[in-house]
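All values derive from a computational prediction rather than experimental measurement.
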Protein chains: 2
Amino acid sequence: MPRTESQNQELREQRSEEILNAALGVFSRRGMVATKISDIASEANLSHGLVYHYFKSKEEIFTLLVKRAAESSGQIIEKAHLQDGSAIEKIKWMTEQILHSLTDGNHILLFLIMIQASTSDAVPEEVKQFLTSEEFKSPISCLIPLILEGQQCNEIIGENPIKLAVSYYSFIQGFAINKLQWSQCPVPEADLIIKIFR
Amino acid sequence: MPRTESQNQELREQRSEEILNAALGVFSRRGMVATKISDIASEANLSHGLVYHYFKSKEEIFTLLVKRAAESSGQIIEKAHLQDGSAIEKIKWMTEQILHSLTDGNHILLFLIMIQASTSDAVPEEVKQFLTSEEFKSPISCLIPLILEGQQCNEIIGENPIKLAVSYYSFIQGFAINKLQWSQCPVPEADLIIKIFR
DNA sequence: GTCTATAGGCTGATAGAC
DNA sequence: GTCTATCAGCCTATAGAC
């Protein structure tokens with residue numbers, strides 16, 4: 001009995017996700033250029049030919065993952081703004097979310113893709129354009145309104161807000177990297193990081 | 001008039017450094033796998049053939065740079081231990097040195113090579129071995145004695161020293177990455193970072 | 001020492017069978 | 001939808017001329 005159209009659709013969707021997941025794993029370990037299509041294929045347990053049935057190229061897969069990562073990081077910041085409480089409580093909440101997402105699941109891999117995308121020159125042109133486009137809101141620029149809010153009620157020290165935002169994200173990004181190298185490393189509490197704002 | 005032996009020696013040394021410097025620049029921008037020998041050659045203004053006259057392979061160049069980077073980071077920590085003052089003053093001094101070295105010169109490139117070497121799977125076997133060998137002292141483990149010293153005289157909070165060290169290096173590494181992406185970004189003061197210890 | 005030419009291997013991408 | 005076979009291009013590394 002042949003598959004129905006909707007079953008076919010579902011299969012396509014599922015395979016596609018399998019490939020993307022496999023790619024995420026390999027990309028985050030080896031970087032875009034160093035991963036071969038055959039690496040992705042064998043991680044996903046299918047032939048390299050099939051990868052091309054679902055995606056146009058290796059670059060397309062990478063670009064897609066970068067956009068997902070950007071979206072996922074954007075969502076956390078958005079949620080933080082909607083949170084109850086003072087500015088610093090919002091930042092603390094966000095920090096807890098991030099640290100938690102780095103600790104379990106493969107959110108950390110999306111994080112690393114993002115770091116690779118923004119630190120390496122050897123990425124698809126489309127990724128470069130995306131990262132400099134209006135569409136992409138950098139985490140640093142999204143954090144600044146929150147910092148200003150905290151400074152107005154003297155919750156946060158009167159330091160250059162950009163400097164504070166850079167420091168905060170340095171911390172987060174650096175920790176993601178450390179965590180990848182040493183997955184069992186102790187995770188700092190959000191309060192430890194928040195200290196830089198006081 | 002032919003060159004004397006010592007002039008030849010000097011030329012070799014000089015060319016060798018030129019190539020290493022060029023390689024450092026390209027590696028840090030594109031990563032090891034994505035840089036071609038011809039990239040290094042043209043950055044150094046010489047033919048690709050000549051690169052092979054000085055080095056056995058691309059991997060050899062990368063490995064050499066990783067070892068230099070490790071040495072240079074080890075030296076800073078060593079100097080910090082020899083510094084006068086309390087533990088936290090030593091850490092502050094070290095932080096200032098690091099921030100300064102990230103700000104000018106191409107020390108930051110060595111830093112990034114180190115990050116690449118320790119985060120990517122796609123590095124020469126010799127690099128992997130080196131990073132797990134006794135020869136290589138990880139910055140985190142080198143910082144711990146200093147933290148313990150500070151905790152004994154209540155200069156530093158009684159938090160898990162490993163956690164503190166991880167947090168500190170997360171910050172430093174993350175900042176190096178940010179600085180590379182955005183070279184004009186404001187540089188936090190050492191005191192801002194040191195807050196996590198109090 | 002330095003260059004150009006080229007061999008050899010690998011990999012991204014496609015074609016075509018099932 | 002999935003696989004295997006294969007092509008075409010690129011890149012490392014070497015050989016040999018100057």
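- Atom pair B:Ile19:CD1 and C:dG1:P shows a separation of 11 Å (rounding to whole Å applied).
- Taking atom CE of residue B:Met32 and atom C1' of nucleotide D:dC11, one finds them 13 Å apart after rounding to whole Å.
- For A:Leu11, counting side-chain heavy atoms from C-beta on, the closest listed nucleotide (D:dC3, D:dT2, C:dT2) is D:dT2.
- Between A:Arg15 and the phosphate of D:dG1, there is no side-chain N or O to OP1/OP2 separation shorter than 4.0 Å.
- By the 30° and 60° cut-offs, the orientation of the rings of A:Phe197 relative to A:Tyr168 is tilted.
- By the 4.5 Å heavy-atom criterion applied to side chains, B:Pro188 and B:Phe175 are counted as neighbours.
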Between A:Ser167 and A:Ser170, does a side chain to side chain donor-acceptor pair (under 3.5 Å) hold up when you go through it step by step? CA-CA 5 Å; A:Ser167 302; A:Ser170 294; 5.9 Å; no
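- As a whole-Å value, the separation of A:Asp39 CG from C:dT11 P is 8 Å.
- The CZ-P distance, from B:Arg30 to D:dC11, rounds to 10 Å in whole Å.
- With sequence neighbours excluded, the residues satisfying side chain to side chain contact (heavy atoms under 4.5 Å, CB included) with A:Lys67 are A:Thr63, A:Glu126, A:Phe130.
- The shortest side-chain heavy-atom distance between B:Leu109 and B:Phe27 does not fall under the 4.5 Å cut-off.
- Regarding A:Leu50, its CG atom lies at a distance of 16 Å from the P atom of D:dA5, rounded to whole Å.
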Let me have a per-nucleotide readout for nucleotides 12-18 of chain D, 5' to 3', with B, S or -, counting only protein heavy atoms under 4.0 Å. SBB----
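- At the phosphate of D:dT2, neither OP1 nor OP2 sits under 4.0 Å from any side-chain N or O atom of A:His53.
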Below 3.5 Å, can you tabulate the donor-acceptor pairs from side chains in residues 15-24 of chain A to any protein atom, sequence neighbours excluded?
from	atom 1	to	atom 2	distance (Å)
A:Arg15	NH1	A:Glu18	OE1	2.8
A:Glu17	OE1	A:Arg68	NH1	3.2
A:Glu17	OE2	A:Arg68	NH2	2.7
A:Asn21	OD1	A:Asn106	ND2	3.3

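- In this entry the distance linking CG of A:Asn45 with P of D:dG1 reads 19 Å, nearest Å.
- When heavy atoms are screened at a 4.0 angstrom cut-off, B:Phe55 is found touching no nucleic acid atom at all.
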